[in-house]
Amino acid sequence: QVQLVESGGGLVQAGGSLRLSCAASGRTFSSYAMGWFRQTPGKVREFVGSITSNGASTCAANSVRGRFAISRDNAKNTVYLQMNSPKPEDTAVYYCAAKDTTYYSDSYCYSREYEYDYWGQGTQVTVSS
């Protein structure tokens, strides 16, 4: 069982920067690929990006590529989402998610909700214009 807790959300001006963190419980964090998703009211949850269990590879949605970056520190059981130059349309609740890759490929970009095993409660990010 893995518990995920996001933090770092809040209000940020467009063009600024914000870093979200997701702290995971458990001793097998390094076996999990981690993803970030976001959701606005009335819309489906949208993939933002993901990172492999060892942090060697990341992938990101076209809408955030070049502006957002994902990283992780396995020693701290934490994954990060660095949001640079956010736009008002990036306003959403951001969720982190974990996928156990013990028996699955760790080089694949997991971008679908159903591929993930555990979810955090989310943190609100509001980007003002």
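For the single chain, residues carry numbers from 1 onward in sequence order. These numbers were taken from a predicted model, which means no experiment stands behind them.
Note that Arg45 lies outside the cation-pi zone of Phe37, set by a 6.0 Å cut-off to the ring centre and a 45° limit from the axis. Stacking of Lys99 on the aromatic ring of Tyr110 is recorded, both the 6.0 Å distance cut-off and the 45° axial limit being met.
A heavy-atom distance below 4.5 Å is found between the side chains of Trp36 and Cys22. When side chains are defined from C-beta on, Leu81 counts as touching Val48, because their heavy atoms get closer than 4.5 Å. Looking at heavy atoms from C-beta onward, Val125 lies out of side-chain contact with Thr91 at the 4.5 angstrom threshold. Phe47 places a side-chain heavy atom less than 4.5 Å from the side chain of Cys59. Here the side chains of Met83 and Leu20 are in contact, with some heavy-atom distance below 4.5 Å.
Not one N or O on the side chain of Asp90 forms a donor-acceptor pair closer than 3.5 Å with the backbone of Val64. For Asp117 (side chain) and Asp100 (main-chain N/O), a donor-acceptor pair under 3.5 Å exists by modelled atom type. A distance-only check finds no donor-acceptor pair linking the side chain of Thr123 to the backbone of Gly8 [under 3.5 Å].
The line from CZ of Arg72 to OG of Ser50 is 10.0 Å long, rounded to the nearest 0.5 Å. Rounding to the nearest 0.5 Å gives a distance of 7.0 Å between CG of Leu4 and OG of Ser25.
Checked options Gln124, Gln121, Glu6; the residue passing with Val93 is Gln124 (criterion: side-chain contact (heavy atoms from CB on, under 4.5 Å)).
Other residues, nucleotides and ligands contribute more than 12 heavy atoms inside 6.0 Å of the CD atom of Gln82. Heavy-atom neighbours of Glu89 CD from other residues, nucleotides or ligands within 6.0 Å: above the threshold of 12.
Counting only N and O atoms by type, the side chains of Arg38 and Tyr94 include a donor and acceptor under 3.5 Å apart.
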